[in-house]
Each structure stands twice: as structure tokens, then as C-alpha cells.
Amino acid sequence: MNARIIRLAMSSANSALLLVAIVVLLAVPARAQNAPSVYAIKNAKVYSLAGPAVENGIVIIRDGKIAAVGANVDVPAGAQVIDAKDLEVYPGLFDPITQMGLDEVSAVAATVDVTELGNYNPDIVAATAVNPASAHIPVTRASGITHVIAAPGTSGFDSAGGGVITGQASAFNLAGWTMDEMQIKRSVAMVINWPTLDTRSFDFATFSIQEKPYADVKKEYDKKIDEISDWLDRARHYAQAREKGSPANFERDLKLEALVPVVEGKLPVLVIAAKGRDIRSAVEFCTKQNLKMILGDGAEAWKVKDLLKDKKIPVILGPTLQLPTEEDVPYDRQMEQASELQAAGIPIAFSSFGVAFSRRLSQYAGAAVAYGLPHEEALKAVTLNAAQMLGLADQLGTIEPGKMANLIVTDGDPLEIKTQVRYLFIKGQLTSMENRHHELYEEYRKRPQAAH
Amino acid sequence: MKNSTMILTLVLFAAFAALPAHAQSSGTVLIQNATILTVTHGNIEHGSILIRDGKIAAVGADVKAPEGATVIDATGDWVTPGVVDCHSHIAIDGGVNEGGPSVSSMARIPDVLNADDIDIYRDLAGGVTEANVLHGSANSIGGQTVVIKLRWGKPADQLPFEGALPGIKFALGENPKRSGFRPPAGVPQRYPGTRMGVEETIRQAFTEAREYKKQWDDYNQRKAAGEQNLISPRRNVTLDPLVEVLEGKRYVHAHCYRADEILMLLSVAKEFGFKVRTFQHVLEGYKIADELAAAGVGGSTFSDWWAYKMEAFDAIPYNMALMTERGVVVSVNSDDAEEATHLNQEAAKSMKYGGLSANEALKLFTLNPAIQLGIDNRVGSIEVGKDADLAIYNHDPLSVYAVVQKTLIDGQVYFDRQLDIAQRAANDKEKLDLIEKEKKASEAEKKSAEEKEKKPEKKPDEKKKTGKPSDSGSGVVVGGAL
């Protein structure tokens, strides 16, 4: 049926609009949910990540939540039973820095809503613009990623150098008809792209490297940091005025209002910084300002390990499969640093920092294991750790009674490349893994032998 | 987020980053007690490989070390043929695109090889032994390409793979029509701007090349016949490589995405009587796998990249498997110095997406790209007589947990993980010493500048302060405070 729709559409026109329409049609059956609300996964090896793995374990899911887990659990009458013999159960994977739903085709500006114009946009929220019908959502969840965070201003050709306080990141499930249904938490962090002291930058307009004198770059850098500081001061004054000032004279300011939870330490700041000196500057700033900081990217976090440890700053690492930041840095630094940070007691999580590469999340974690990170720590770094950093661990990250039933049933180690996800639960619903890529595969593998 | 940090690196340090250049041991080497993935003759448990004078002399479970052989104990390790990357841009000095004209066949990558590019070493550390180094994809007909061996530490003239047929890069679709490129103000958009124009550009170029070839053929014929006082046709360095394509002396590697543009080039090739050797990226190859197989053209693709541009929106990770099933010789390529370091993992995705066998997945980064580059008589499998270009992993190379331990080219160890690790402390110390030295020098310089300023004189010219890394005019703090 779907295949027929595609063929009809393709034969009649070739516009991108139609392609988008097809995506929507394909997504529909994947999201139809008239399924039972009680499931029992039986005979599985259950890695709850809240304790040792349980052989021949049972997981009971009821009304969207995990009702019970263990070896000696009764299967309720009427439950839909999944026999998971030889299979393994893990918490659903969590990609905590993405542009999911905000970026469909990166090079086509009309399909990208990642970075707003202007440097200071604390009142914009990712959830507003996440497209629930994005083709990326089913593609990504087929790799076992059940929920993500979309973070404004974290990528995009036009964001280079632009955007400092880029907006609020939103956490959501990768299934649902509307953002309301998908949303886990509308605002989980304020994103700050930390200014960087790069004297050379790549200019996409001219496709060349632009060089600026250090003094100029330092001036711009200092100016931006002063501006961030100024915004926070104004937010504090605003909070004070709102609380203590005369309501008659109070003028509402949406940008400052959005920053109030930040200065009150209620909303974490997700500070994106890669270079060691920028990370150091950010940590010192946030400490002084009393902000709850999470470091994002951290390509050179290893350079400031002691400071991160001392100030208890958790790190959401960018892709481990990256070249080192400098020519003289050991070739394996990006893979290896995860184990080094973890051993130092710094909480780490992995992220894709992307959309199309979100499905590489487990590969990024696996690569870190190859270079020394204990396997169980790597598993936590794609499930539990980021949930803890962002205040979502009461709902997500482990398989424990009461938590949201986001989990995957696999035929093996979820960090290994060949491993297939067999069943996927999001918010307690058995969720389809059908997606654009598999549809295209099925369609074209059925193409009759071409005549020659 | 990756922005430019790596561009900033101080060139000076590149030299220390890696190993005491090349090659321990030559002559006779035995790699022993490994799981050997021969690619063409199955897997051998607890096997050994005897290497003599850079070539594989024996392979098997019972091969013993002759007197005086250097023994590499690979107990518990896995040996594969070295990784062949069919699409690379490493080791190129300066830009990869000569983007002025849309036909830039005169541009020669082999003339701008940079043997000091640290990415050679990094890819070597990912088991890569051969790379097809290509011009960029800005042009319908791009520049000339070269296959290299990653002989880190050797001068540029020793990088090219001896006897490998040269190639030329073609490009179709969004890149040559410059979809993502905004010319600076006042500069007009370059022709072509559509896929129609890309075809026209290629047909026009080959029409000229055919005429040009005819002039030379006539001339050579008359000369051979003994005719006197002949004036040769005027040499045209843009058309020479296209004549080589027409004569089958130069491979065409065509960057492409969409099925329609792929069929377009096949039809142009048929019209002018040349062969396309590989389609590169070929993300919609799965839609026309039969046509590719029938044309005998290779497909060199990405594992799971998609949606970064419109023409990559129908890319699927099943592409490797689907093309393979329909009889296309398929490889997985990198297009990127980092991606090249884990092509083994990328190939393994063909097992997850489309169910290729382990050996078929293995071929995607060894034998198949070697076939595509016409070097499979020398590399791509572990067979007696072939070059001893090998990668030694500590784990099944199709696993995410496999880490390259050693990479050999011509039987010599060009990468050794343990040596690399052992060298790091010395590298760090050397760097710190240099930074100290530099700090002292710049302090001294500052002092003398201050003195000079007392008796008014112009400020010291930045460019005169040569030979010091911090004097690039950027004011980059050497090593920074961190």
C-alpha cells in the first residue's frame, strides 16, 4: 500500500513537497496505537542498569510505565507476552544533544530550524519547532534510540560564529502524533554556545579560512562574555523586580523571564565548548555565576579534567569518532578520553550532536569501550547518565518500576554494530521500527531484474 | 561545533606527532598465531604469514619462521588485508578543488601530494594502506587523481602506488551545479547550474577531446608513414587526460548521488565509447543496481550518511548490501580522514542492514576497492605473491571493539600502537620544551622591541619573524595556557 503511494507520487511529480507528504503518509501506520497497555517480556536477559543483569528475567509494562522487573515476577492475565528467549533487554538509548525534528535536509535552508538569528534568544524553545513527522524520527528509533533532546543552535552551516544564548533544549520521545504526546520535558536546559578564541574560522560565504588578529578576536570574545554576564545580571534584577517591585510598574520581558530559572539554578545551562581554554573559561564563569553547568562537546575536556572534577561538571561528549583537535594530539584521543574522564569520576554521556548521525550513538559508545571505557559505564553513558544530568532520571535511564517504559529488546550487545533491535517500547507502547530507509529498501529490492 | 580547531594547529608540531618514521624491519618477517582473514581463501585460525622482501611468501597454519626472520607475535589478534580507501582527500597540499572552470582536467593531484599530512598517519592507525586521492567534486570534470600507499615518513614521490592506473574525478548533481555555493558579491554564478548543464559540459568536453584525439591520431599516422615537415597539433593539457580516458588509460571516478544522473553519465560514456570505472558515493545506486552491474562499473559508497543535502535524502544504509546482491562490485569509502579510520566498522553495517555475510562485508574495504582501483593483483587479499600490506587488529575487525595494533606496507611496520603510546611522553616533553623556548624568545623579542621603540622606529614587521610558530600573525598562544 505504502509502496504504491510512493510509486504513484514519484511518477506524477518530483517536487520536494511531495516527498515530505510521503514521509507523513509512511509515518502514520508506525504511530497508530491501539495496542494493549499491558505487556510482559519473558525469558530475556534483562540489563536494568539498576543492578546486575537478570537471566531469564521478566519485565512487566503497564499503562506506559514499568510495573515490575525481575526473575520471579508474575505475568498478569491479559498481558501481551513477548517471548524474548536469547534476547536482551536494555533501557532505551538516549541521545542528549541533537537537532532532531529541527533539521530535515541540512543543506536545504527551508527545512532547517536549528539556529535563530541574533546572539541572545533565551526565550525560544526547541519543542516549538520539532516536526513530529520528520523522517529522521522513525529512522533513528530503529537503532534503539527511544528519546532525545533537541538543542537549538548546536549545529548548522549558518550557526558558525552566530548565536550565544541559543535557546532552550527540549526532551522528547521518538514516537507520537504531536509534540504534546512526544514531549518529556519542554525545557531541560538553556543552551549557551561558549564564545571561542579562534583566530581562524571557516567562512561558508566565501568557502575559505578567514583570519583575524588575535587582539580583535580577544576583544570580541571578552565582549560576548560581558554580554552573557550582563544578561544574567538583568535576569536577576528582573526576578527581583517581579517579586518585590510594584506590579503596576512591572513590564514583562520574555527574554529575561526565560533566564530567571537559569540564574536561580533551577534550569541547567548546557554550555557548548570544545577547546580546553574555552571550557576553562566557561567553568570559571558558571562557577562564579552560580549556574548549574553541563558541558556539551568537550573535545578537549581531557585538558581540564581536574577542573571539571573539582567543580563537578558533567560532560555530554560529542562524537568519539572524531579526529583530535590538534595535529600533535594522539590519534586516539577522542575515543580514549571518555575512559579517562570516567575514571576521574566525571559523569559522562555520549551524544551525536546531529540528526542523521544520531543512529551512530551506540557506535560512539562502543568506540570508547574499545579504548578503555568499561562496557557497563558505556551503557550508562547512552541511557542513565544524561538523564541524571538533566533531571530526568526519575523517569528514564534504567528499567525500574515506576519509570517510563522506554526500552529495547535486542539480539545482543546494543553497542555492537551488527546487533539488531527486535522490539522497541516507547512510553509503554510497542512501537514500529518501520522507517523511510527500510521502506525504500523493500521497495527497490523488489524491482524486477532490469532488461538490457 | 568542530569549527576550525584542527586548522589552527601549529605546523611545527606535526613532525613530532607520530612515530619514529618508518619501518622497522624489512627482509623476512613472520606474523604468527593470528586469525587470518584472507578474503579469498577463507579464514585461518592460529595461522601465520611469512613475508619476504615486502611480499607475502606463505600463508597457513603450519608456516614457520625461517632463520633470522623478524617475528611478530599476533596471538589473539586478527589479520586482514590493509584497508583500501577508494575515496580520500588526505595528503593534498592546499585545496582539493580547482573550482574556477567546470572542466579542470588539467589539475593534477599527484603534483600536490603532501607527505607530511598528519592524516596519513591517522588513517594508517586505522589500518589504511592504500588511498585513492581525489580532486574535489566542484566540477563536472575535475582533476587527475592518484592512488597512494600510506608510506608515512617517506617523501611525496614515494607515496604513489607503482603502476596503478591514474584516474580522473568527475562529479554530478548538486556539487558541480554549485547548489550549496554562494559566490561572493559581484561574482556571477558559474555554469552549469542544472543537471542538464552538467551533462552538456561533459558532452562538450568529450566532443572536443574526440576532435583533439583525431588531430593527434592523424598526425601520428602521417608521421609514422614518414611524411616530412609536419606540424604537430597544439598540446592541450585539459584535453590530454580526456583522450587518456577515451583510450582506456585513465579511470573515471564519478561522484554522484541520484539514480538519474548516474544513468546520464553511463549514457554519455556509451556515446563517446569510454568506461566509467567507479561511481563514488552512488547513494541511489540501489535503485539502479542492475544497470550498474550490466555496465560493469563499481559502486563505492558511504555506510549510513544521509539527509545532509537534498540529493542524499534517499540514501539508505542498505545500499551496500542491495548493490552487492545485484552483482555490483561494492566498496565502502570515507571521503573524510576520520571516517577512513573505521571503514571496517562502516563495512560491518552491511551485515546489519541487508544481511551481507562477514566475508562480503570484509571485501567492502579490502578486495573490492582494490578491484575498483585496478590494483587487486597486488593488494586486497592475503595471498602468496601479493604485497604484504596488512592490518593487525586485536579483535574481529567487523566489531566496534577492534583496535588496530599494527599496519604493514610492503612488509614493513608503518604503524605500531604500542610504539605510538610509548612515544607520547617524549612528544609531550618535546612540545613543552619548545613552548618554553618560544616563550623566552618572544620575551626577549618584546624587550628588544621596547628598546627600539624608545628610539622611535617603525614596528617590527610580523613577516620578518620567521621560523617561530606563534608568529603566524594570528597571535595564537603556543599550546595555550592549557
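Every chain is numbered from 1 and lettered A, B, ... according to where its sequence line falls, protein lines coming before strand lines.
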A.B. asks: Evaluate the criterion side chain to side chain contact (heavy atoms under 4.5 Å, CB included) for residue pair A:Tyr444 and B:Ile316; output intermediate values, then yes/no.
C.D. replies: CA-CA 11 Å; A:Tyr444 281 93; B:Ile316 61 174; over 6 Å; no
A.B. asks: Please collect all salt bridge (Lys or Arg N to Asp or Glu O under 4.0 Å) contacts where either partner lies in residues 362-375 of chain A, sequence neighbours excluded, each pair once.
C.D. replies: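 Output for this query is empty, none listed.
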A.B. asks: Can you find a pair of side-chain heavy atoms, one from B:Lys352 and one from A:Ser143, that are under 4.5 Å apart?
C.D. replies: yes
A.B. asks: Judged by atom type as modelled, is there a donor-acceptor pair below 3.5 Å linking the side chain of A:Glu416 to the main-chain atoms of B:Ser399?
C.D. replies: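 Checked: no pair found.
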A.B. asks: Decide, yes or no, whether a salt bridge links A:Lys418 with B:Asp396 under the criterion of side-chain N to carboxylate O below 4.0 Å.
C.D. replies: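 Here A:Lys418 pairs with B:Asp396 in a salt bridge, since their nearest N and O are under 4.0 Å apart.
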A.B. asks: Heavy-atom distance under 4.5 Å between the side chains of B:Ile118 and A:Leu323, does that happen here?
C.D. replies: no
A.B. asks: Please identify each residue that fulfils ring-ring contact (aromatic ring centres under 6.0 Å, His included) with B:Phe302, with sequence neighbours left out.
C.D. replies: B:His281, B:Trp305
A.B. asks: Where on B:Ala312 is there a heavy atom nearer than 4.5 Å to chain A: the side chain, the backbone, both, or neither?
C.D. replies: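 Contact with chain A is absent: no heavy atom of B:Ala312 under 4.5 Å.
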A.B. asks: For B:Glu174, which atoms come within 4.5 Å of any heavy atom of chain A: side chain, backbone, both, or neither?
C.D. replies: neither
A.B. asks: Could you give me the CA-CA distance, side-chain angles and deciding distance for B:Tyr318 and A:His438, then say whether ring pair (Phe, Tyr, Trp, His ring centres under 6.0 Å) is met?
C.D. replies: CA-CA 8 Å; B:Tyr318 303 89; A:His438 193 254; 5.7 Å; yes
A.B. asks: Could you tell me whether the side chain of A:Leu321 reaches within less than 4.5 Å of the side chain of B:Gln345, counting heavy atoms only?
C.D. replies: yes
A.B. asks: Would you call B:Arg424 and A:Asp332 a salt bridge, using N to O less than 4.0 angstrom?
C.D. replies: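 Counted as a salt bridge, because a side-chain N and a carboxylate O are separated by less than 4.0 Å.
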A.B. asks: Could you check whether A:Arg447 pairs with B:Glu291 (Lys NZ or Arg NE/NH1/NH2 to Asp/Glu carboxylate O, under 4.0 Å)?
C.D. replies: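 So A:Arg447 pairs with B:Glu291 through a salt bridge.
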A.B. asks: Does the side chain of B:Tyr401 reach to within under 4.5 Å of the side chain of A:His375, using non-hydrogen atoms?
C.D. replies: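 Of all side-chain heavy-atom pairs linking A:His375 with B:Tyr401, at least one is under 4.5 Å.
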A.B. asks: Set out, in order, the CA-CA distance, both residues' side-chain angles and the distance that settles side chain to side chain contact (heavy atoms under 4.5 Å, CB included) for B:Lys349 and A:Gln363, then state yes or no.
C.D. replies: CA-CA 11 Å; B:Lys349 291 175 184 172; A:Gln363 191 183 3; 2.8 Å; yes
A.B. asks: So, are A:Glu443 and B:Lys287 salt-bridged, with charged N and O less than 4.0 Å apart?
C.D. replies: no
A.B. asks: Looking at A:Arg360 and B:Glu339, is there a salt bridge between them, counting it only when a charged N and a carboxylate O are closer than 4.0 Å?
C.D. replies: yes
A.B. asks: If I measure from the heavy atoms of chain A, does B:Asp428 come under 4.5 Å with its side chain, its backbone, both, or neither?
C.D. replies: neither
A.B. asks: Is A:Val108 close to B:Lys309 at the side-chain level, that is, under 4.5 Å between some pair of heavy atoms?
C.D. replies: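 A side-chain contact under 4.5 Å is absent here.
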